[in-house]
Amino acid sequence: MSASSSNAARAETPGAQPLPDVRVWADHVTKEFGGAADGGAVVAVVDASLKVSRGEFVTLVGPSGCGKSTLLNIIAGLIEPTDGRILIDGQEEANRRRHFGYMFQRDLLLPWRNIRANVALGIEVLGVPKRKAREMAGTILDEFGLGGFADKYPVQLSGGMRQRAAFMRTLLCQREILLLDEPFGALDALTRSVMQEWLLKLWGRHHHTIIFITHDIEEAVFLSDRILTMSARPGRIKNEFRVDLPRPRDHTILTTPAFTALKQRVLDDIYEESVRTAEAG
Amino acid sequence: MVEPVEGGRRDRVVTRLKHALPLLITVTVIILVWEFFGKITGEPEYVLPPLHKILITAVDRSLDKLLPATSVTVQEIMAGFALGTIVGFLLGVATFHVETLRRAIMPLVIASQAVPVLAIAPILVIWFGFGIEPKIIVAGLIVFFPVTINTMAGLGAVERDVINLMNSLDATPRQVFFKVRFPAALPAIFTGLKNAAVISVIGAIVGEWVGSDAGLGPVMIAANSAFKTDLVFAAILYLAVIGVSLFLAVSLAERKLIAWHFLTRNPRG
């Protein structure tokens with residue numbers, strides 16, 4: 001990648017601002033589960049530090065069970081670290097949950113709510129009155145071309161549609177920072193590819209700060225500004241890769257030499273970790 | 001989605017008939033054997049009255065005897081069902097949320113189910129008299145258990161990730177209960193209620209059997225000792241109708257209130 005082309009690309013992307021505007025800072029985070037009483041602690045994350053700038057798309061890649069979800073849960077405020085701290089805009093906050101929109105691997109749509117009501121769930125919990133919340137859900141569904149499915153129930157939709165609805169639920173909460181834990185992991189390859197492009201378009205419009213988790217290296221390279229690799233458990237941040245591929249990206253980029261070269265480098269970096277994980281069972 | 005073609009509906013009726021055929025045959029055989037039992041074996045009629053006689057008695061004695069008695073028994077059943085359901089649900093919710101309570105009470109609750117309700121009923125008569133109260137309590141005692149157990153199971157069946165989702169939204173415990181746990185528990189609760197509907201009839205009759213002057217129980221006791229077995233069977237028929245009706249009512253409520261539970265996956269994905 002030449003410097004000029006990557007700069008030109010950056011200029012039209014949300015991540016293009018000068019980087020020091022750090023929104024999320026995980027500062028030397030360590031997490032142990034259980035104690036001596038439970039027959040020894042399991043160390044999930046060791047001394048992990050990362051900084052994510054405003055509007056940046058950062059991906060954590062690592063073998064299964066390396067503690068990347070744990071790290072994300074700590075950032076989200078769902079669990080507290082054993083050691084270290086999380087700063088949002090340089091501040092340590094007792095309750096940081098309100099900063100984040102959290103997406104899980106599974107859509108977690110509630111089967112007794114239709115799509116409209118499912119999309120409204122987040123803002124309902126935040127205190128928007130039910131009627132108003134459903135109205136807003138209807139609007140965002142229309143906006144994303146899912147209006148025709150508003151009255152359907154989750155079982156009546158395909159996996160891709162369901163995950164889109166789950167995204168709507170998250171987006172409607174208007175959190176600027178999105179934590180995405182393998183949101184496409186349960187989808188088939190084709191749907192996943194479509195959803196990845198869809199997410200990039202979305203990000204291009206809304207300028208979210210995104211921390212994304214995956215074990216799919218191609219997905220990581222395709223989506224990210226920056227990739228952080230993690231070691232097998234106990235999880236440490238191992239290396240950092242800048243992804244200077246031009247944006248906006250679409251699936252045609254997947255076969256370019258620059259793309260495959262970077263993919264190879266990231267794969268080399270975590271391959272031995274994956275082997276270790278596989279052999280450890 | 002494929003619109004059903006003209007022949008589709010008729011095909012479905014035919015399939016249903018095919019499925020129902022074994023049952024129809026069984027029922028027909030039972031009816032025939034019952035009806036002609038006396039003729040075949042030469043036993044006196046009071047041992048097993050022919051079916052048509054039972055049906056005639058069920059109609060002839062309806063106004064003077066069976067319907068007034070049914071009215072009393074139905075009241076006992078409904079009140080016992082309501083009492084058992086409310087207590088069972090509240091107990092299920094409480095024991096689910098408070099671990100100490102679960103440890104303090106659940107073993108006793110389970111042990112209480114090992115004691116035959118028939119053994120407790122006479123004591124309840126001593127405590128509460130021959131009125132409607134002991135019957136309601138016996139029915140309630142039988143009913144609450146499946147409701148409690150199913151409520152607890154339903155509340156606990158929510159996936160950890162859904163709770164995480166609610167936590168990520170900073171939901172209050174109240175919101176987690178009303179938006180997630182309670183609706184998620186409804187299918188299990190209805191399973192408990194359908195079970196309860198059927199056994200509530202047993203409760204009321206046991207209550208009546210040990211001491212009562214009104215209801216279908218005393219009618220059966222009196223008829224039995226007078227060898228009027230046709231009246232006994234007629235009363236049993238009434239009881240069966242009550243039990244099935246209550247079960248169907250609960251099933252109907254289930255279909256209406258948690259229609260989402262019966263949605264099937266779109267075959268086209």
Side-chain angles (χ1 to χ4, degrees), chain A residues 69 72-73 75-79 94-115 117-118 120-128 130 133 149 151-162 166 169-170 172-173 175 177-181 186 188 191, chain B residues 1-4 89 93 99 150-151 153-193 250-269:
Chain A
S69 290
L72 204 68
N73 283 334
I75 292 171
L78 293 178
I79 50 181
N95 185 359
R96 55 184 175 276
R97 288 176 184 175
R98 61 189 183 84
H99 290 285
F100 302 106
Y102 201 130
M103 278 280 298
F104 298 80
Q105 176 169 0
R106 289 164 48 235
D107 51 71
L108 303 178
L109 299 177
L110 303 178
W112 53 88
R113 285 177 171 239
N114 64 21
I115 296 304
N118 261 296
L121 176 74
I123 48 175
E124 261 179 44
V125 169
L126 298 180
V128 177
K130 207 174 245 185
F149 299 94
D151 295 318
K152 294 260 187 244
Y153 283 80
V155 287
Q156 298 171 310
L157 266 60
S158 66
M161 285 290 192
R162 294 172 54 128
R169 180 182 61 204
T170 309
L172 206 51
C173 295
R175 304 297 171 78
I177 309 169
L178 298 184
L179 306 177
L180 311 179
D181 188 356
D188 65 85
T191 311
Chain B
M1 295 288 283
V2 182
E3 290 299 315
F89 173 72
V93 172
E99 169 141 23
N150 281 289
T151 301
L155 293 173
V158 177
E159 295 168 82
R160 185 67 232 168
D161 272 354
V162 175
I163 302 300
N164 273 336
L165 168 70
M166 293 300 280
N167 286 341
S168 81
L169 294 163
D170 217 6
T172 62
R174 206 186 137 89
Q175 286 174 321
V176 172
F177 182 81
F178 284 108
K179 290 188 192 297
V180 175
R181 286 210 189 270
F182 177 62
L186 279 175
I189 292 174
F190 268 106
T191 302
L193 287 181
V250 175
S251 299
L252 194 69
E254 183 186 30
R255 287 262 165 192
K256 286 273 169 213
L257 293 175
I258 54 167
W260 58 268
H261 186 59
F262 299 95
L263 289 173
T264 42
R265 191 169 289 279
N266 179 352
R268 292 284 170 102

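A, B, ... follow the sequence lines: proteins, then strands. Residue 1 opens every chain. The figures that follow rest on heavy atoms only: side chains count, while hydrogens, waters and symmetry mates do not.
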Mind listing the closest non-hydrogen atom pair of [X] and [Y] along with its distance?
X: A:Cys173; Y: B:Leu169; answer: SG-CD2, 3.8 Å
X: A:Leu78; Y: B:Asn164; answer: CD2-O, 4.0 Å
X: A:Glu124; Y: B:Lys179; answer: OE1-NZ, 2.9 Å
X: B:Gln175; Y: A:Val125; answer: NE2-O, 2.9 Å

How about A:Tyr153: does its OH atom have over 12 heavy atoms from other parts shown lying under 6.0 Å from it?
yes

Considering only heavy atoms, which portion of A:Arg97 lies under 4.5 Å from any heavy atom of chain B: side chain, backbone, both, or neither?
both

Step-by-step side chain to side chain contact (heavy atoms under 4.5 Å, CB included) determination, B:Ile258 to A:Trp112
CA-CA 7 Å; B:Ile258 54 167; A:Trp112 53 88; over 6 Å; no

Between A:Asn95, A:Asn73, A:Leu110, who has the most heavy-atom pairs with chain B when the cutoff is under 4.5 Å?
A:Asn95

If you count heavy-atom pairs under 4.5 Å with chain B, which of A:Gly127, A:Gly101, A:Pro111, A:Ala76 comes out on top?
A:Pro111

When rounded to the nearest 0.5 angstrom, what distance separates CG in B:Leu165 from CZ in A:Phe104?
5.5 Å

How long is the span from the CZ atom in A:Arg98 to the OG atom in B:Ser168, to the nearest 0.5 Å?
14.5 Å

Chain A contact via B:Ala184 - side chain, backbone, both or neither, heavy atoms under 4.5 Å:
both

Under the side chain to side chain contact (heavy atoms under 4.5 Å, CB included) rule, what do A:Leu121 and B:Met166 come out as? Steps first, then yes or no, please.
CA-CA 9 Å; A:Leu121 176 74; B:Met166 293 300 280; 4.1 Å; yes

